[in-house]
2 protein chains.
Amino acid sequence: MTTTGLDGFALLDKTWSTVTPEAARRMLIAAVQAFAGKGYHATTTRDIASLAGMSPAAVYIHYRSKEELLFNISLVGHETSLALLSSIEGDGAVERLRNAVATFAGWHAEFHTTARVVQYELGALSPEHHEQVAELRRQIEQRMRSYIADGVEEGVFDVPDLKGATLAVLSLCIDVARWYQPGGKRTPDEIGAMYADLVLRMVRPN
Amino acid sequence: MTTTGLDGFALLDKTWSTVTPEAARRMLIAAVQAFAGKGYHATTTRDIASLAGMSPAAVYIHYRSKEELLFNISLVGHETSLALLSSIEGDGAVERLRNAVATFAGWHAEFHTTARVVQYELGALSPEHHEQVAELRRQIEQRMRSYIADGVEEGVFDVPDLKGATLAVLSLCIDVARWYQPGGKRTPDEIGAMYADLVLRMVRPN
DNA sequence: CTCCATACTAAGCGGTTGCTTAGAGCTAAG
DNA sequence: CTTAGCTCTAAGCAACCGCTTAGTATGGAG
């Protein structure tokens, strides 16, 4: 058996299931693990290659540069979380916001390895790639804002500052990726439920 | 005149006013700016030296290594924010929590350059230095938890999960350092006030 | 004046970095 | 069988990294 250094969790991260060929996917997953663990700049192409069980030069068969690896991770990661936020269902604004926060915060816990790279390594992208990702981030913000605005229109939320509240809710969910630890006593679903509760308390009328 | 690359804001950051001699302080401030802008690993000792207006070797007159620069920043930064949280006053638990959140969130906005290094570069510390900083972080968490617990005892807060709520409040404040931009339309004080409002809404009884 | 400590610089060392080159092994079409 | 194309590796290159060494300038004590 070949030792690749990729643990079962990472291989099961459905975020990357559409990436082909297999060697390119293996390399991406290795990069996600390395970037999440030590940060983009502290990770060498040799780290990535050896995690993927290949030689350093093999990286460049599938990707033009180390930055392109990061860009692929960032792009797919943002698209995944935007798709997740866009597919929220629920009866009424309260249930929709509850589901949105539970899903978004839960994703940042369950896929915290991917989420860390997605949320905290943006600064290492080239200006062109950064702008592409920034557009996706604007769409994510707009989605979350519309879930809150719906409740205000329905009269079930009391929110003095819509933009500020949206910022706070997104910030709360995103920061889960920073502090979450797999061994902790809360499961990702429990974190999602707790955060949904806290957010609904924040926007409920007196 | 010598060009040091240190802008007025950084030189006025009162966080570093006690660091002497002056050249060591100038070097620390340069390191804060560089680490905050590009991250610890992407910053070279030559970057720091040229920001401080000195030669690369001058770094090692005042600090043993690049990591010791980071440790000094992290230590002083954590001590400063712990001191800030410890000096909160106010009549009753509601006003004390309001002041605590406004102060803590406001600090992460006003001194976001320092705060970014303090909050997001922990992973680059040596294990020994990391443990020293972790102890300060536990004290910060305990402080914030006690402000919330006081309100529960007084009967003015409704908090089903004290540990979870503390985590969320700290997370909200800390993440300000990630998204805050000096040119934005909200001042640090306004952010502090808005966040204090949101947190009080989160913990108020029905 | 001499002497010594302090704060700094010019130059550079060994090691590591992202990435390239040259070529090997394999598959499959003609 | 030949050959083209794809995936991969061994080896290595130029640049850059953190840090050190050797030496200079300055200033205060005796």
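Atom set for the values below is all heavy atoms of this structure, side chains included, hydrogens, waters and symmetry mates excluded. Throughout, protein chains are lettered first and strands after them, A, B, ... in sequence-line order, and every chain is numbered starting at 1.
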Who pairs with A:His129 by ring-ring contact (aromatic ring centres under 6.0 Å, His included), at least two apart in sequence or on another chain? A:Phe71

Rounded distance (Å) that lies between atom P of D:dG18 and atom CD of B:Glu68: 15 Å

I need a per-nucleotide contact map over nucleotides 7-21 of chain C, read 5' to 3'. Cutoff is protein heavy atoms under 4.0 Å; write B for the base, S for backbone only, - otherwise. -BBB-B----BBBB-

Please enumerate all residues that pass side-chain hydrogen bond (donor to acceptor under 3.5 Å, both in side chains) together with B:Glu131, with sequence neighbours excluded. B:Arg138

Across all chains, not counting sequence neighbours, the ring-ring contact (aromatic ring centres under 6.0 Å, His included) partners of B:Tyr40 are B:Phe35

Partner set under salt bridge (charged side-chain N to carboxylate O under 4.0 Å, His left out) for A:Lys163, not counting sequence neighbours: none

Once salt bridge (charged side-chain N to carboxylate O under 4.0 Å, His left out) is applied, do any residues pair with B:Arg96, and if so which ones, sequence neighbours excluded? B:Asp150, B:Glu154

